[in-house]
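Report on the structure given below.
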Amino acid sequence: MAGRKFVGFCRAPTVTEEVYIAEVDLEDFEEYSSGGYHPTVIGDTFCDGRYELVHKLGFGGYSTIWLAKDKQLQRYVSLKILIANEFSKSTEAKILPRSKFIPRLLDEFSTDSPNGHHVCLEDSSDFMFQVETARSIAAQLIKGLSYLHSQGVCHDLHVRNFLICGTDIDHLDPLDFYRRYRLDMTPVRRVDGTAVGPHAPPYAVYPLHIKTPANSLVNPVIRISDFGTSFVVAEEPNPALHTPDPYRPPEAFFNEPITLAADIWTLRVNLYEILGERCLFETFFWDRDDIIAEIVNTLGLLPKRWWEKWEARGEFFEADGSWRKGGITRIFTPKFRRLHQRMWDMGRGETPKTCQWDVEGGEMRALEELLRGMMAFEPSERLTAEEVHQWPDSNPTIYLALALSTVSDIGPGQNQQPLLPIIAIAITIQLSPSPASSLSTRSPS
């Protein structure tokens, strides 16, 4: 931790407010309060000592995720602990389907802590992939999403909620694990100088990073994970998407109903990123208007109702859809780069002779047709997951068809053991009155 500066801090306090600024690699410590995160530290145990926390895997707006050692079965699992306010709302454990592409849910239990009742889920847990690896990942995501949609589940898919299973670490005890993988922690303090407990932990833990160069990955095994914001379409009349904006379908930007077709759009954006080396819609700060402009740049004019509703369109385009020529206040290149050009720009070679796709066999053309069909503006006009799944049947020359044919069909009882098996836990917490507010985190001096 030497040399690390403040990772979270407060501005000079005013009479009425103090503002905590969180670091990107850590959860918002202001959320360690009644109804918020569980105050978890390395070495904590659950289920009468069965699961011991060893490292941190990550966090989200609704949970923290931890690597735990299952002392009974002598393996590592991932433990997802939801915020207390989600205790009665979470449907993740109920809707997790059984499929080889979905991590297995292993356990569910509860415990006490100062911040409220928490649900926890325990789970088995070069910039470009090799062509065969990319095809395999794409194929497994397509099959996995097809299965979810056959069960009526909309996933809210993006690249941070599918997993690539990795090296077996079950044989490592915690000390051996720390010798191989670094554990970074930093103290937490309150700006008023009082103790951070019991609502917040005494230190913050940076997430574990197990890195494998993309171009060295072969024979990948994929798991679609994180069902915390997923929903069964038939049971959710007004669903909300939590997809990061670059993957979000246009109907979500314009507050129209969300259906299973939203997953098709996000899957398509993911496939482009997996098959190539860059994002489909490229912006500086994930600004929504920039993203909508990139969508127009790629696919053409929006449907009239959206075009007229888009208040910022005049910052990018003239009324006829051409690029704005004067008074430009946005950063953009006033040149259209349509989907066809972006297929050649994805990093697999820019000419038929250098391209890694089978251009002569029709792979590039058919891949573009598939992705275009998944990104129809109107949700009702997009391909369904089953149509995407069956798409290679009508394009037998496409190599992706070979990848799909090598992925066996899915169904109950066909789960392979992933790196981190899943366990669902419900943590029961006794409420205390005082929140852990105005927190900051700082590295040791």
Side-chain angles (χ1 to χ4, degrees), residues 58 60-63 65 78 80 82 86 89-105 119 121 123-125 137-165 220-253 256-274 280 371 374-375 379 382-389 391 404 407 409-412 414-415 418 420 422 424:
Y62 296 95
S63 64
I65 303 95
S78 66
K80 180 177 181 178
L82 274 65
E86 289 295 302
K89 305 175 189 176
S90 176
T91 59
E92 186 165 355
K94 299 176 182 177
I95 69 174
L96 270 173
R98 290 184 61 81
S99 159
K100 68 176 293 182
F101 300 107
I102 312 300
R104 225 169 6 123
L105 192 65
V119 172
L121 303 173
D123 171 331
S124 51
S125 225
I137 294 173
Q140 292 178 65
L141 285 177
I142 288 171
K143 278 212 163 188
L145 190 66
S146 178
Y147 178 75
L148 289 175
H149 282 201
S150 74
Q151 305 300 302
V153 175
C154 185
H155 184 271
D156 216 5
L157 185 70
H158 55 86
V159 291
R160 289 195 173 186
N161 55 24
F162 70 85
L163 310 175
I164 297 176
C165 298
V221 177
I222 301 302
R223 296 288 184 270
I224 297 175
S225 68
D226 195 355
F227 287 76
T229 58
S230 303
F231 55 90
V232 178
V233 174
E235 299 175 2
E236 185 60 56
N238 298 299
L241 289 182
H242 300 270
T243 316
D245 285 344
Y247 304 91
R248 188 177 288 256
E251 61 267 27
F253 290 127
E256 293 198 357
I258 301 301
T259 65
L260 291 175
D263 269 348
I264 302 301
W265 180 283
T266 57
L267 175 62
R268 184 264 181 266
V269 180
N270 280 284
L271 291 183
Y272 182 90
E273 194 166 337
I274 291 163
L280 178 59
L371 299 183
M374 296 171 71
M375 296 194 81
R382 289 175 206 153
L383 296 174
T384 65
E386 181 61 22
E387 288 171 335
V388 175
H389 184 192
W391 165 78
L404 281 168
V407 180
D409 288 336
I410 53 181
Q414 294 183 334
N415 297 281
L420 300 174
I422 298 184

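The figures that follow rest on heavy atoms only: side chains count, while hydrogens, waters and symmetry mates do not. Positions are given from 1, in the same order as the sequence printed here.
How far OH of Tyr147 is from CD of Gln151: 4.0 Å, rounded to the nearest 0.5 Å. Here the CD1-CD1 distance, from Ile137 to Ile142, works out to 12.0 Å after rounding to the nearest 0.5 Å. A distance of 8.5 Å separates OG1 of Thr259 from NE2 of His149, quoted to the nearest 0.5 Å.
Side-chain atoms of Arg268 never come within 3.5 Å of backbone atoms of Met374 as a donor-acceptor pair (strictly under, hydrogens ignored). Without hydrogens or angle criteria, His158 side chain to His242 main chain gives no donor-acceptor distance under 3.5 Å.
Under the 4.5 Å side-chain criterion, counting only non-hydrogen atoms from C-beta, Phe227 is in contact with Leu148. When side chains are defined from C-beta on, Asn270 counts as touching Phe162, because their heavy atoms get closer than 4.5 Å. Ile222 places none of its side-chain heavy atoms less than 4.5 Å from the side chain of Leu163. Taking 4.5 Å as the limit, every side-chain heavy atom of Ile224 sits out of range of all side-chain heavy atoms of Asn161. Here the side chains of Leu260 and Thr384 are not in contact, with every heavy-atom distance at 4.5 Å or above. With contacts defined as side-chain heavy-atom distances shorter than 4.5 Å, the pair Leu241/Arg248 qualifies. By the 4.5 Å heavy-atom criterion applied to side chains, Trp265 and Pro379 are not counted as neighbours. Between His389 and Leu145 there is no side-chain heavy-atom pair separated by less than 4.5 Å.
Every residue was checked against the side chain to side chain donor-acceptor pair (under 3.5 Å) condition with Tyr272, not counting sequence neighbours, and none meets it. Listed by chain and number, the residues in a side chain to side chain donor-acceptor pair (under 3.5 Å) with Glu386 are Ser146, Gln390 (sequence neighbours excluded).
Paired with Met375 under the rule side-chain contact (heavy atoms from CB on, under 4.5 Å), one option of Leu383, Leu267, Leu280 passes, and it is Leu280.
Side chains of Asp156 and Ser230: a donor-acceptor N/O pair is absent below 3.5 angstrom, by distance only.
Between Gln140 and Pro220, the closest heavy-atom pair is NE2-O, 2.9 Å. Heavy atoms only, all atoms of each residue included: Pro257 and Glu251 are closest at O-CG, 4.0 Å. Summarising the geometry of Ile264 relative to Ala385, their closest heavy-atom pair is CD1-N, 3.5 Å, with the distance given to 0.1 Å.
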- Item | Trace of the side-chain contact (heavy atoms from CB on, under 4.5 Å) decision for Ile274 with Leu141 | CA-CA 10 Å; Ile274 291 163; Leu141 285 177; 3.3 Å; yes

